[in-house]
Protein chains: 2
Amino acid sequence: MGRRRPGTPTLEEVAALAGVGRGTVSRVINDAAGVKESTRRAVQRAIAELGYVPNLAARSLAGRRADAVALVMTEPDWRQFGEPFFSEVVRSVGDALTDTKVQLLLTLVRTDAERQRLVEYARGGRVDGVMLMSVHAEDALPDMLAEVGLPTVLLGRRSGEESVTYVDADNAGGARGAVAHLLGLGRRSIATITGPLDMYVAQCRLRGYREALERAGVESRPAWTAEGDFSAGSGRRAMAGLIERAPEIDGVLAASDTMAAGALDALRAAGRRVPEDVAVIGFDDFPLAQHTDPKLTTVRQPLEEIGRTMVRLLLEEMEEPEVAWRHVILRTELVLRGSA
Amino acid sequence: MGRRRPGTPTLEEVAALAGVGRGTVSRVINDAAGVKESTRRAVQRAIAELGYVPNLAARSLAGRRADAVALVMTEPDWRQFGEPFFSEVVRSVGDALTDTKVQLLLTLVRTDAERQRLVEYARGGRVDGVMLMSVHAEDALPDMLAEVGLPTVLLGRRSGEESVTYVDADNAGGARGAVAHLLGLGRRSIATITGPLDMYVAQCRLRGYREALERAGVESRPAWTAEGDFSAGSGRRAMAGLIERAPEIDGVLAASDTMAAGALDALRAAGRRVPEDVAVIGFDDFPLAQHTDPKLTTVRQPLEEIGRTMVRLLLEEMEEPEVAWRHVILRTELVLRGSA
DNA sequence: ATGAAAGCGCTAACAT
DNA sequence: ATGTTAGCGCTTTCAT
């Protein structure tokens, strides 16, 4: 409401009450140097007495920053929002900002109208920077933001030639490590359940799977690859299909722990023993793995560090707008938990 | 960034290019009436050519609204954030705002510092109104906001004398209905697993339980009430305790479906058949009940409608700041699914 | 160390 | 129907 809520004191009234000029009050509320201690206290008393709170619109307009950043979820399917993956990222980003005076704003973008609204909001100067989670390959939002000079950081990339600053986990490396582990267990017929292959993250995990087999000189049949969509149901269906057309399979890498859980179901339903007959590893989208089989060996993504890093990169770009875009790729970790 | 991103055109430049006055441009971008169609198009062409986007800070300052509302989660325990309950509310609030030009901002408040930051953000005029989810009884945030005249709507209430506009489910009524149903099944030794009793929602559900028994003239023993914290584990422990001290129990109302699921575990572990020996009903915090026993009969909360109603009340208060605070209590629905 | 003054880009009231 | 003008409340030189 601009509808000037009555009784909202202005900086000018504070100045008058404290018997100083506006500039001095401004310095005090911005912790600027060069104010005599006694004056500072007089001003602070006036502020307290009046219950003064700076008008943020005026402050932004006068040329300072918005002191806010946005964390955007571009996810047409709302179900995803509740996923532990996202709440973990949100939590760690929140933590990373907790000691700053930067307000974190989560926003949700599903439709193009919302996309447009967000761009106008950001370009309108209401946030100093934007972090994007779960960006799909064909999403133009990152470019729309970056092109107008708004500091922008992506979680994950849209392709191998991502042109916007991003933070990603080493998905290919994680997949390689997982497959190497399966090979180390003596498995030779290793299948993979991929994520949706229009997502770069899924491509990377598939690539890592293939590279590990290639490096070890182990065969990889096309029939051993099945595509899922990260959900448990898709994992179950994919695994059922694999069992049918490739009963020889003795190891599986799933691109998400939820799909891995579905795969376990399918395997057990088919009478296979896990991990004796078939060893399964899934990418873990949640550090605590609360929602999945507690015995499932996983490739853990450093979500906590991903959030921290996104914030760091964003704040740096906000300080130094000239700097070129950068990327950070964080190592994953294989967490052995006994089912493989 | 106030750091005046270069190449950000102003309304004035648009006016110059279009060969009109600033006022006319302002009218065009605000869809105000009284602009000749030809001028309007000329202005729109200039806007497109320059890539003009209104400076929101200036707009707010000049006395119009922020065109944004906040949806706040005050939840010290971050685990909660991923709960389907919250994602459902967020989704429905987002839906309710999708056709407006109001930007939805989710924010998270865990610490007092964050509380303070939010108040300054809101008082600073960056949002036109605030919706709060998961407010605990002792939380002063709603008052801090409402006192300064900011339109505020709560999801749930902090106590029986809530002084801020709120939307709530009919928790007592829902509990009464559930217990009446159990009585209808012939159960007479009906226990309840409550939520944390420092939360009003838990008190209401307990009250409903008692009222239903009282109205039916059926006995209610103190030993039949156990307190949980809405989690599955607490439900399991509470049920185990109930079984031990009151083996005669043949019906249970749990204040959340997650606790109900825990109770089912405990009952089965104790060798009780469900629902033959003991019938269980839980309050459902998620319309789809994906995360719990699909056979569990539940008291469903109209989350979709709660979100819609919060938005409606908020927008109304934003229009009509004088209006007194109000409240809406939405009916719950008993969903029979066979375990009771 | 502090006051005065010039905007920041927009809306809205007032002219025309 | 459209142009003109006076602020909105703050930050930031520039004086002093």
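Only this structure's heavy atoms are used, side chains among them; waters, hydrogens and symmetry mates stay out. Residue numbers start from 1 in every chain, and the chains themselves are labelled A, B, ... in the order their sequence lines are given, proteins ahead of strands.
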No-hydrogen, no-angle side-chain donor-acceptor test under 3.5 Å, B/Tyr166 and B/Arg157: yes
- prompt: In whole angstrom, what separates A/Glu37's CD from C/dA1's P?
  reply: 12 Å
- prompt: Would you call A/Leu106 and A/Val90 a side-chain contact if the rule is heavy atoms closer than 4.5 Å?
  reply: yes
message: Would you say A/Thr24 and A/Arg40 are linked by a side-chain donor-acceptor pair, where the criterion is simply a distance under 3.5 Å?
response: no
Annotated protein contacts, base or backbone, on nucleotides 10-16 of chain D with a non-hydrogen cut-off under 4.0 Å, one of B, S, - each: BBBB---
- prompt: Looking only at side-chain N and O atoms, does B/Thr24 come under 4.0 Å of OP1 or OP2 in D/dG3?
  reply: yes
- prompt: Atom CG in B/Leu132, atom OG1 in B/Thr165: separation rounded to 0.5 Å?
  reply: 11.5 Å
field: Side-chain heavy atoms of B/Thr107 within contact of B/Met73, under 4.5 Å
entry: no
field: Residue pair A/Arg110 / A/Arg115, side-chain heavy-atom distance below 4.5 Å
entry: no
- line: Value for CG (A/Asp95) from OG1 (B/Thr111), rounded to nearest 0.5 Å, stands at 10.0 Å
message: So if I take residues 40-49 of chain A and measure heavy-atom distances to DNA chain D, which residues fall below 4.0 Å?
response: none
- request: Indicate whether the side chain of A/Arg123 and that of B/Thr8 have a donor and an acceptor atom separated by less than 3.5 Å.
  value: no
message: Between B/Arg158 and B/Asp139 (side chain of the first, backbone of the second, donor and acceptor by atom type, cut-off under 3.5 Å), is there such a pair?
response: yes
- prompt: For the residue pair A/Pro302 and A/Ala169, what are the closest heavy atoms and their distance?
  reply: CD-CB, 4.5 Å
- prompt: Taking five pairs at each end of the helix from C/dA1-D/dT16 to C/dT16-D/dA1, what angle separates the two helix axes (nearest 10°)?
  reply: 30°
